[in-house]
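This is a predicted model, so every value here is computed, not measured. Both backbone and side-chain heavy atoms feed into the values below; hydrogens, waters and symmetry mates do not.
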Amino acid sequence: MAQAKKVALYVVVVFVLYTIVNSPARAADLVQVGFEGISSATQGVGQFMTELVN
């Protein structure tokens, strides 16, 4: 089982590196979308906590 996880991790890393090398603009767009999603989620949690305290 541990070997399967290790192989899957290597496959994912190789795929990510291939995508970055092959299409850096698209990779940058995907990273930007990811960070925007994290930012939106954090703002939502902040608003929830603010309303909870008030």
Side-chain angles (χ1 to χ4, degrees):
M1 188 67 165
Q3 288 287 37
K5 287 182 182 179
K6 192 179 289 188
V7 169
L9 179 64
Y10 286 139
V11 169
V12 169
V13 168
V14 168
F15 177 73
V16 168
L17 291 175
Y18 173 77
T19 303
I20 291 170
V21 170
N22 203 23
S23 178
R26 177 73 176 140
D29 289 342
L30 292 174
V31 169
Q32 181 179 5
V33 167
F35 280 122
E36 286 175 359
I38 292 170
S39 175
S40 296
T42 305
Q43 286 177 346
V45 169
Q47 288 176 350
F48 173 74
M49 291 297 181
T50 302
E51 292 297 322
L52 192 63
V53 170
N54 291 337

**Q.** Linked, directly or transitively: Leu52 and Val45 (ILVMFWY side chains, under 4.5 Å)
**A.**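 Both belong to a single hydrophobic cluster.
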
Q: Can you run down the side chain to side chain donor-acceptor pair (under 3.5 Å) pairs that involve residues 5-27, sequence neighbours left out, and say none if there aren't any?
A: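 Checked against side chain to side chain donor-acceptor pair (under 3.5 Å) - neighbours excluded - the pairs reaching residues 5-27 are Tyr18-Asn22.
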
Q. With sequence neighbours left out, which residue pairs that include part of residues 29-49 fulfil the side chain to side chain donor-acceptor pair (under 3.5 Å) condition?
A.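 Qualifying pairs, neighbours excluded: Gln32-Glu36.
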
When Ile, Leu, Val, Met, Phe, Trp and Tyr are grouped by side-chain heavy atoms lying under 4.5 Å apart, directly or through other members, which residues fall in the same group as [X]?
X: Leu17; answer: Leu9, Val13
X: Val11; answer: Val7
X: Ile20; answer: Val12, Val16
X: Val21; answer: none

